[in-house]
Every structure is written in structure tokens, then in C-alpha cells.
Amino acid sequence: YLRGARRPGGPSAAERGELIMGEIYSFFSLLTVFALACFVGYYVVWSVTPALHTPLMSVTNAISSVIIVGALIAAGASAVFDASKIFGLLAIALAAVNI
């Protein structure tokens with residue numbers, strides 16, 4: 001068979017293994033970025049001087065309000081209950097904590 005040619009039985013076991021390993025590596029790379037972002041965010045937030053606290057909080061509240069508007073649009077009235085509606089409701093709940 002030629003590489004990349006379609007076979008009637010679908011991908012071979014080796015090809016399925018490559019697909020699964022690619023998904024696992026992708027998940028762990030995203031998880032690593034998330035963990036590093038959590039650490040960096042923690043240290044950035046706790047190292048803010050008191051003089052900058054009020055301006056930064058006002059910007060944070062403005063960003064949260066933009067997130068709420070986008071989430072309301074995503075979770076808007078439609079007949080279909082799909083992933084965008086679920087993520088929209090989740091975004092509303094998480095951003096509402098900050099406002």
C-alpha cells in the first residue's frame with residue numbers, strides 16, 4: 001500500500017497508536033502550559049504593589065464584563081443544547097464571581 005492511501009479496514013493498529021500518543025502528548029503539553037500559567041499568575045498577582053491594586057482591579061472587572069457579554073451570546077436562546085451553550089454557561093458562572 002502507498003503511504004496515506006485509504007484502506008477498507010480503517011487505520012492500522014500502529015496508526016491508531018500514533019493517533020492516541022499524539023493526543024496524549026497534546027494533552028500533556030496543554031496541561032503543562034496551564035500549570036505554568038497558574039504559577040506565573042499567582043506570583044504576578046501577589047507581587048502587585050497596593051498603589052496599583054485599584055487600577056488593575058478595574059481592568060480585571062472590565063475584562064470580566066466583556067467575558068460575560070460574550071458568554072451570554074454563546075449561551076443565547078437557541079433550540080440546540082450543544083457545547084457552546086455549556087461553555088457559555090460555565091463562562092458566565094466563572095466570570096460572575098469576579099464582578
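Just so you know, these numbers use all the heavy atoms, side chains as well, and skip hydrogens, waters and symmetry mates. The first residue of the sequence shown is numbered 1, and numbering continues consecutively from there.
- Of the inter-residue distances, the one linking I68 atom CD1 with S65 atom OG reads 8.5 Å to the nearest 0.5 angstrom.
- If you take OG1 on T60 and CD1 on I67, they are separated by 9.5 Å, rounding to the nearest 0.5 Å.
- Expressed to the nearest 0.5 Å, how far CD1 of I92 lies from CG of L72 amounts to 4.0 Å.
- Hydrophobic cluster of V69: the remaining members, joined at side-chain heavy-atom separations below 4.5 Å, are I73, listed by chain and number.
- Connectivity analysis of hydrophobic side chains (ILVMFWY, heavy atoms under 4.5 Å, direct or indirect) links V97 to nothing; its cluster partners are none.
- Atom CG in L89 sits 11.0 Å away from atom CG in L94 (nearest 0.5 Å).
- By the 4.5 Å side-chain criterion applied to Ile, Leu, Val, Met, Phe, Trp and Tyr, L52 is assigned to a cluster that also includes V48, L56.
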